Amino acid sequence: MNETSHTPIEKIPEIHSKLKATFRTRRTISIPWRQQQLLLVARMVQDNKDLFAEALFKDVGKPAMEAYSYEISPILERVIIAATNLPEWAKPEHKTDLFDPHQRAWSPKVYFVPKGVALVIVPWNFPLILAIQPLVAAISAGCCCAVKASEIAPHTGRLLAELVPKYLDTEAYQVILGAVPETTKILELKWDHIFYTGNGHVGRIVSAAAAKHLTPLTLELGGKSPVILDPSYDLDVAAYRIMYGKVTNCGQICVAPDYLIVPTNGNHDLLNKVVEAFRRAYASFFSDAPPLESTSYARIVSKNHFDRLNTLLARTDGTTVLGGQVDAKRLKIEPTVVIGIQPDDALMESELFGPILPIIEVGTFEDACELVSQRDHPLVLYAFTQSEDTKTTIRECTTSGNLVYNDTFIQLAIAELPFGGVGESGHGRQGGRYSFESFSYLRASIDMPLGSEQFLTVRYPPYTSENLKLLNPNVDIKIPQCSPTTGIMKG
Ligand code: NAD
């Protein structure tokens with residue numbers, strides 16, 4: 001994106017005011033209207049699918065297979081899910097399962113209400129789906145929305161800015177193009193929800209700006225997502241599935257397996273077997289052409305990111321056992337496996353976000369869990385094992401946004417699962433109904449019948465000891481005891 005295509009900074013407050021004014025007209029509240037706009041999003045993506053695939057190729061060398069499978073098709077599927085289910089999602093909840101049955105007469109309900117005017121800030125690695133998915137959520141919830149596309153994926157950003165006004169209501173939905181100065185201006189304004197996807201450093205800037213206006217926030221961040229590999233698992237299957245998560249989009253995925261932990265109990269031969277399995281997977285994936293030439297392999301997005309990864313490869317104390325070749329001109333790095341990694345190695349400093357897989361050997365599964373727990377909570381924890389006991393140990397001893405056994409990356413294919421981080425990997429959830437809820441707030445409501453007045457007079461002054469007793473029948477209630485092992489309550 002060159003600077004001339006950026007949205008002029010002085011226009012940004014105007015866009016914001018226009019969206020606010022549209023929201024006040026309440027036209028985005030109507031469910032059929034939202035459904036119609038949602039389906040127009042699908043139409044926009046479908047009518048222009050080849051243009052989007054071309055833009056994604058220009059931005060990050062994304063092969064068409066990846067552009068269609070991980071951006072274009074899932075958008076179509078998810079928009080249809082949202083448009084179809086919206087009437088159900090948006091239905092007010094009638095609370096009939098109340099603890100205190102006489103309160104049922106008060107008609108307690110929960111309404112899902114649009115928060116207002118939302119801001120979506122998009123990263124470069126999946127610049128289409130990570131723009132459209134939150135936009136779809138905002139539309140579903142009944143919000144107006146500004147989408148700030150990523151300047152590092154300029155072709156996709158420009159295409160979105162050109163097409164959104166042709167398909168959607170421009171008074172309700174806008175795309176803003178720009179980099180740090182434009183985003184800084186955007187963040188000065190008061191939004192009703194901010195949905196940020198990107199790195200934790202900028203996540204802190206966005207959080208600080210949101211805090212000034214007490215604006216609620218979804219932070220979809222990243223971090224180092226580990227893989228724990230049980231050496232008794234089928235190593236060929238594991239290598240294929242791990243390598244798949246590492247080579248897709250050239251490892252530039254928030255949920256890419258970042259590093260591999262192998263509990264070998266001191267049996268180093270097991271590690272050799274793991275490396276051999278990776279060699280076989282690698283040979284199979286790139287049987288038509290080596291990775292630097294392969295049309296099945298994307299590139300690194302920019303020179304900055306290429307240099308960052310290359311510097312890490314130069315600084316690591318580990319040994320490269322697979323890959324390692326680079327092509328600076330075309331910003332390509334081979335899938336690279338590095339062994340002999342210590343937890344303080346350069347490759348373990350921060351999220352790799354590239355096709356490098358460091359392998360750390362530890363003694364036991366408990367050691368593996370301890371290693372994961374000593375670090376920031378990851379977005380995903382992957383574990384390859386057939387043992388139910390090991391699965392339980394790993395689940396109970398670690399914290400991560402999502403937990404995936406025996407595959408990588410594929411969890412994102414389930415549109416209805418809540419996706420998001422914990423701690424340093426972010427907060428808030430997206431996916432199906434969860435996305436809708438992120439842009440809605442729960443407006444609890446009651447409607448007190450006139451006829452209830454006779455039961456309510458006890459609350460009015462002048463206060464008496466008799467009314468105090470009537471209002472607080474439970475104040476001396478016997479509190480039961482609970483067994484910490486069985487959970488059985490007694491007394
Ligand atoms: P990026 O550089 O495109 O930045 C993201 C957005 O922040 C852009 O729109 C950019 O304009 C804006 N921005 C950058 N600097 C800013 C500043 N100083 N002030 C205000 N706004 C600023 O993308 P990125 O952050 O490099 O994306 C990669 C990161 O995103 C990785 O950490 C990855 O794990 C994470 N990610 C997370 C998810 C998820 O769903 N959890 C998905 C994709 C990527």
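Indexing begins at 1, ligand by ligand and atom by atom, following the structure's order. From a predicted model like this one, the values you see are computed outputs, not experimental measurements. In what follows, every heavy atom counts, from backbone to side chain, and hydrogens, waters and symmetry copies are set aside.
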Enumerate, atom names and distances included, each donor-acceptor pair closer than 3.5 Å involving a side-chain atom of residues 122-139, sequence neighbours excluded.
unit_1: N125; atom_1: ND2; unit_2: Q252; atom_2: O; d: 3.1
unit_1: Q133; atom_1: OE1; unit_2: R78; atom_2: NH1; d: 2.7
unit_1: Q133; atom_1: NE2; unit_2: Q430; atom_2: OE1; d: 3.0

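In this structure H16 satisfies the ring pair (Phe, Tyr, Trp, His ring centres under 6.0 Å) test together with W191, sequence neighbours excluded. E437 meets the side-chain hydrogen bond (donor to acceptor under 3.5 Å, both in side chains) test with R433; sequence neighbours excluded.
With hydrogens and angles disregarded, no donor-acceptor distance shorter than 3.5 Å links the side chain of Y233 to the backbone of D236. Here the side chain of T215 pairs no donor or acceptor atom with the backbone of A211 at under 3.5 angstrom.
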What are the atom names and distances for all N or O pairs under 3.5 Å between ligand 1 and the protein?
unit_1: ligand 1; atom_1: 3 (O); unit_2: W124; atom_2: N; d: 3.4
unit_1: ligand 1; atom_1: 3 (O); unit_2: S150; atom_2: OG; d: 2.9
unit_1: ligand 1; atom_1: 9 (O); unit_2: V122; atom_2: O; d: 2.8
unit_1: ligand 1; atom_1: 9 (O); unit_2: K148; atom_2: NZ; d: 3.0
unit_1: ligand 1; atom_1: 11 (O); unit_2: K148; atom_2: NZ; d: 2.7
unit_1: ligand 1; atom_1: 11 (O); unit_2: E151; atom_2: OE1; d: 2.6
unit_1: ligand 1; atom_1: 11 (O); unit_2: E151; atom_2: OE2; d: 3.2
unit_1: ligand 1; atom_1: 23 (O); unit_2: W124; atom_2: NE1; d: 3.4
unit_1: ligand 1; atom_1: 25 (O); unit_2: N199; atom_2: N; d: 2.8
unit_1: ligand 1; atom_1: 25 (O); unit_2: N199; atom_2: ND2; d: 2.6
unit_1: ligand 1; atom_1: 26 (O); unit_2: W124; atom_2: NE1; d: 3.0
unit_1: ligand 1; atom_1: 30 (O); unit_2: G198; atom_2: O; d: 3.2
unit_1: ligand 1; atom_1: 32 (O); unit_2: E351; atom_2: OE1; d: 2.6
unit_1: ligand 1; atom_1: 34 (O); unit_2: E351; atom_2: OE1; d: 3.3
unit_1: ligand 1; atom_1: 34 (O); unit_2: E351; atom_2: OE2; d: 2.6
unit_1: ligand 1; atom_1: 41 (N); unit_2: E220; atom_2: OE1; d: 3.4
unit_1: ligand 1; atom_1: 41 (N); unit_2: L221; atom_2: O; d: 2.7

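The line from CD1 of I410 to CZ of R241 is 9.5 Å long, rounded to the nearest 0.5 Å.
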